[in-house]
Amino acid sequence: MSERNSLVELANFIGRSPLASPDMAARNKALSGMTERLMPKQRRSVGDLMNVVLTLSARTRRMVQEPVKIDIDVFAPGGKRAVLLKIGE
């Protein structure tokens with residue numbers, strides 16, 4: 001029964017999209033709205049492109065470098081170790 005109901009609903013379906021409207025102005029408005037949403041919001045400049053290229057090249061350069069290990073020892077005035085901080089083990 002549910003298959004028959006689905007088929008009846010499909011047979012009675014009337015397109016509700018403004019693109020299916022007989023009015024050409026409504027169709028054009030719907031199409032222009034769709035294309036505006038697909039277009040980029042602002043134009044990018046050559047400077048923006050250069051910033052992206054420089055950022056990616058710096059990131060790539062850092063990725064291929066050897067990892068750095070840093071040990072920091074902090075001693076109290078009495079000569080005892082106060083803090084031991086190890087970064088990059």
Side-chain angles (χ1 to χ4, degrees):
M1 285 305 242
S2 65
E3 288 181 20
R4 186 174 189 288
N5 290 341
S6 298
L7 289 174
V8 169
E9 287 177 21
L10 183 60
N12 293 330
F13 176 75
I14 298 173
R16 294 182 187 97
S17 170
L19 294 174
S21 171
D23 183 21
M24 182 62 99
R27 285 191 300 225
N28 286 339
K29 184 177 177 183
L31 280 174
S32 68
M34 287 172 39
T35 54
E36 283 178 18
R37 286 190 298 272
L38 291 174
M39 296 299 288
K41 300 291 184 217
Q42 61 181 351
R43 288 212 163 272
R44 303 284 187 217
S45 68
V46 175
D48 293 336
L49 178 61
M50 290 303 297
N51 286 337
V52 169
V53 169
L54 291 173
T55 301
L56 289 175
S57 97
R59 181 185 304 164
T60 303
R61 193 170 45 249
R62 283 190 308 269
M63 287 173 55
V64 297
Q65 289 178 344
E66 291 293 322
V68 176
K69 294 182 181 176
I70 300 172
D71 290 335
I72 298 176
D73 291 331
V74 179
F75 295 96
K80 293 181 125 184
R81 179 172 283 150
V83 175
L84 175 62
L85 177 65
K86 291 186 179 183
I87 300 174
E89 279 193 88

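Position 1 is the first residue of the sequence; numbering continues from there. Everything numeric here is computed off the predicted structure, so don't read it as measured data. The figures here come from the full heavy-atom set of this structure, side chains too, leaving out hydrogens, waters and symmetry mates.
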- Item | Residue pairs involving residues 47-59 (criterion salt bridge (Lys or Arg N to Asp or Glu O under 4.0 Å); sequence neighbours excluded) | none
- Task: Would you list the pairs meeting salt bridge (Lys or Arg N to Asp or Glu O under 4.0 Å) in which at least one residue belongs to residues 72-85, sequence neighbours left out?
- Result: D73-R81
- Item | Contacts of type salt bridge (charged side-chain N to carboxylate O under 4.0 Å, His left out), residue D23, not counting sequence neighbours | none
- Set of salt bridge (charged side-chain N to carboxylate O under 4.0 Å, His left out) partners for R37, sequence neighbours left out: none
- Note on the structure: A76 and A82 have their tightest heavy-atom pair at N-CB, 3.9 Å
- For residues Q65 and R61, report the shortest heavy-atom separation together with the two atoms involved. CG-O, 3.2 Å
- Item | Co-members of V46 in a cluster of I, L, V, M, F, W and Y side chains, linked at under 4.5 Å | M50
- Linking directly or through intermediates, with side-chain heavy atoms under 4.5 Å: list the remaining ILVMFWY members grouped with L56, chain and number order. V52
